[in-house]
J.: 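For reference, the structure I am asking about is given below.
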Amino acid sequence: MTRHQRTPGPWSRRRARGRIPTPSSAPSPRPAASVRGRFVPRVGPRSPGTEGTGLWTLLDRLRRFVASVAGASPARAALLAFALVILVFTALLSLPFASRTGRITAFHDALFVATSAVSVTGLTPVNTAEHWSFAGQLVILVAMQIGGLGILSMAALLTLAVSKRLGVRSKLITQEGMTTGRIGEVGALLRVVVGTTFLFEGVLAVVLVPRFMAHAGSLAEGLWNGIFYSVSAFNNAGFTIHPEGLVPLMHDPWIIWTLMAGVFAGALGFPVVMVLLKQRWRWSRWNLHTKLTVTTTVALVLGGALMIGVFEWSNQATLGQFGVAERIQYSLFGSVMSRSGGFALYDINAQSAETLLLTDALMFVGGGSASTAGGIKVTTLAVMFLAIVAEARGDREVTAHGRTIAPESLRVAISVLALGATLVLVGTMALVAISDESLQRPLFEVLSAFGTCGLTTGLTAELPPAGKYVLTVLMFAGRVGTITFASALALRQRRNLFRYPEERPIIG
């Protein structure tokens with residue numbers, strides 16, 4: 001054997017038998033395949049005709065943008081989704097088929113009504129029964145339904161997003177509070193939300209349809225009115241499709257009490273409704289959120305009814321024209337609707353100044369968290385009240401019903417209250433400057449828009465386009481702003497590796 005000759009080694013023998021490819025015989029790029037469950041992309045140029053068209057490229061970019069926004073911030077994704085839905089319904093309401101005259105509706109009016117319907121507010125610069133055709137009213141109905149479902153779904157999903165940032169113990173508490181038993185299963189949670197909503201609306205429609213049929217004398221009109229008002233009531237929208245509102249129906253207790261029940265149930269909130277459906281009236285098994293929401297809501301409704309009755313009892317333009325039983329009934333109706341319902345039985349301007357101020361406060365508070373109601377929410381008010389009581393007693397911790405409220409919840413409540421007050425202040429100053437009115441009517445309209453209540457003194461219809469844009473922004477911010485702001489604060493958690501010395505500044 002010469003110096004340049006070698007005995008073939010094991011690798012050379014395997015190469016000769018074809019087990020190991022030589023560099024010259026390297027395999028060519030193969031098409032995409034699945035290897036052990038993983039997708040292997042195809043290497044090499046695309047075949048002719050597979051390049052995406054301009055439309056597909058645009059859709060792909062839009063999908064990537066939405067995915068990036070949703071991944072970066074669930075709250076920001078919720079804001080984007082609601083804005084896109086509002087623009088779609090604005091375009092539909094602007095078309096000629098949506099109006100009775102067959103003409104195009106002005107953009108500021110279409111945008112205002114679309115925002116009011118999607119945010120389930122009920123404020124409108126035009127008469128819903130006289131301006132919109134049946135097709136336009138149907139668009140408003142769909143907008144209310146999508147808006148209500150979207151609000152409940154968004155609140156539920158943001159609750160899940162917040163729970164994923166918590167520890168194991170907090171996740172279990174959140175799971176118990178949502179009562180779905182399926183934290184992380186988004187599809188099951190959304191099915192529960194949709195099913196619960198349609199269940200309540202169906203029950204309301206079953207009660208309302210026969211009564212509206214009796215008033216209208218028509219099966220089709222009674223069916224349409226019953227469905228519309230059931231959706232409007234449960235979603236706390238307050239839209240009416242009668243030219244005079246509920247005034248012709250105010251002496252029918254079936255309609256009055258059914259609307260009150262629908263608004264009350266919708267304002268409790270999805271987590272509370274789920275606890276009540278599962279635990280019934282077993283108080284000891286309710287979680288803290290349900291206890292705070294129910295007790296504060298009942299206190300606001302009964303206290304508001306009592307004060308409305310006292311202020312308006314002798315006012316012949318409001319409650320004074322009715323009997324004792326109807327005065328009590330309408331006082332309770334006004335208290336329920338002032339928090340977020342938006343239905344009215346008489347002219348708001350005819351009320352006393354004390355009642356208007358009380359209504360302002362009720363609209364600012366609103367309903368329960370993760371509900372179709374607006375405002376700063378009753379749990380925010382409850383936590384702030386408990387904090388004041390704890391400070392007055394000298395307690396180091398805020399407690400309620402045998403539970404300690406986390407300091408993080410107190411900070412979020414303070415932030416939501418400050419944000420709401422700031423929006424109301426800025427909006428009122430802008431509306432006073434635009435309308436050249438005194439403080440009372442602009443403040444009422446701003447609080448109605450922010451609290452997504454829908455009650456009005458008539459100023460909305462009198463405002464120029466600039467004032468309507470201000471109220472539009474307030475409706476949007478009041479509907480999704482507080483929810484996303486609170487969830488964003490809950491999601492923003494960082495852990496510092498150091499701690500500054502403690503010092504107490506002088507307060508008060």
Side-chain angles (χ1 to χ4, degrees), residues 122 200 203-204 207-208 210-212 214-215 226 229-230 232-234 236-238 240 242 244-268 272 276 281 293-368 371 373 375 378 381 444 447-448 451 453-457:
F200 276 92
V203 172
L204 294 175
V207 179
L208 290 176
R211 301 306 304 168
F212 279 110
H215 286 281
Y229 280 100
S230 64
S232 183
F234 182 75
N236 284 219
T240 60
H242 287 82
E244 299 178 2
L246 294 180
V247 175
L249 310 169
M250 64 187 304
H251 297 290
D252 190 332
W254 281 95
I255 293 179
I256 297 301
W257 283 94
T258 303
L259 292 179
M260 275 197 291
V263 171
F264 185 85
L268 283 177
V272 175
L276 295 179
W281 299 107
T293 301
V294 172
T295 54
T296 308
T297 298
V298 172
L300 289 175
V301 169
L302 296 180
L306 178 62
M307 297 180 71
I308 290 175
V310 171
F311 295 147
E312 302 296 327
W313 193 264
S314 301
N315 188 349
Q316 293 298 318
T318 56
L319 296 182
Q321 57 183 311
F322 307 112
V324 175
E326 287 187 321
R327 292 183 191 182
I328 297 175
Q329 175 181 266
Y330 298 149
S331 297
L332 187 62
F333 185 89
S335 179
V336 173
M337 298 305 162
S338 296
R339 292 179 51 246
S340 188
F343 294 110
L345 298 176
Y346 43 75
D347 186 12
I348 298 296
N349 294 298
Q351 298 183 60
S352 62
E354 296 86 354
T355 305
L356 288 175
L357 185 60
L358 172 65
T359 306
D360 289 341
L362 293 176
M363 290 190 297
F364 182 70
V365 174
S371 72
V378 294
L381 177 67
F444 191 95
L447 284 167
S448 181
C453 177
L455 294 176
T456 178
T457 59

J.: As a quick check of understanding, evaluate side chain to side chain contact (heavy atoms under 4.5 Å, CB included) for Thr355 and Asn315, giving each step before the final call.
T.: CA-CA 11 Å; Thr355 305; Asn315 188 349; over 6 Å; no

J.: Any heavy-atom pair between the side chains of Leu447 and Thr359 that's under 4.5 Å?
T.: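 With C-beta onward as the side chain, the pair stays apart.
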
J.: Examine distances only and state if a side-chain atom of Glu312 and a backbone atom of Ser352 form a donor-acceptor pair shorter than 3.5 Å.
T.: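 At least one qualifying donor-acceptor pair exists.
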
J.: I need the minimum non-hydrogen distance between Ala317 and Tyr346, along with the two atoms involved.
T.: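 Closest approach of Ala317 to Tyr346: O-CB, 4.3 Å.
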
J.: Do the side chains of Thr297 and Val272 get nearer than 4.5 Å, heavy atoms only?
T.: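 Not touching, per the 4.5 Å side-chain cut-off.
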
J.: For residues Arg327 and Gly320, report the shortest heavy-atom separation together with the two atoms involved.
T.: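 That closest heavy-atom pairing would be NH2-O, 3.2 Å.
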
J.: Students often mix this up, so state it plainly: with edges at 30° and 60°, are the rings of Phe322 and His251 parallel, tilted or perpendicular?
T.: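 Correct class here is perpendicular.
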
J.: Kindly assign one of parallel, tilted or perpendicular to the pair His242 and Phe212, based on the angle between their ring planes and the thresholds 30° and 60°.
T.: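 Geometry flag for Phe212 against His242: parallel rings.
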
J.: Check step by step if side chain to side chain contact (heavy atoms under 4.5 Å, CB included) holds for Phe311 and Gln351.
T.: CA-CA 9 Å; Phe311 295 147; Gln351 298 183 60; over 6 Å; no

J.: Under 3.5 Å, is there a donor-acceptor pair between the side chain of Tyr330 and the main chain of Met250?
T.: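 Side chain of Tyr330 to backbone of Met250: a pair is present.
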
J.: Using only atom types and a distance under 3.5 Å, with no angle test, would you say the side chain of Ser448 pairs donor to acceptor with the backbone of Leu455?
T.: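 Yes; judged by distance alone, with no hydrogens or angles, the pair exists.
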
J.: Could you please spell out the steps behind the side chain to side chain contact (heavy atoms under 4.5 Å, CB included) verdict for Trp257 and Gln329?
T.: CA-CA 9 Å; Trp257 283 94; Gln329 175 181 266; 2.8 Å; yes

J.: Please check if the side chain of Ser340 supplies one atom and the backbone of Cys453 the other of a donor-acceptor pair under 3.5 Å.
T.: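 Here the side-chain-to-backbone pair does not exist.
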
J.: Under a 3.5 Å distance rule, please check whether Ser335 uses its side chain to pair with a backbone N or O of Ser331 as donor and acceptor.
T.: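 Side chain of Ser335 to backbone of Ser331: no pair is present.
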
J.: Has Arg339 got a side-chain atom pairing as donor or acceptor with Gly366's backbone, closer than 3.5 angstrom?
T.: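 Yes, because the side chain of Arg339 sits within donor-acceptor range (under 3.5 Å) of the backbone of Gly366.
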
J.: Should we count CH2 of Trp313 as having more than 12 external heavy atoms under 6.0 Å?
T.: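 Yes, enclosed.
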
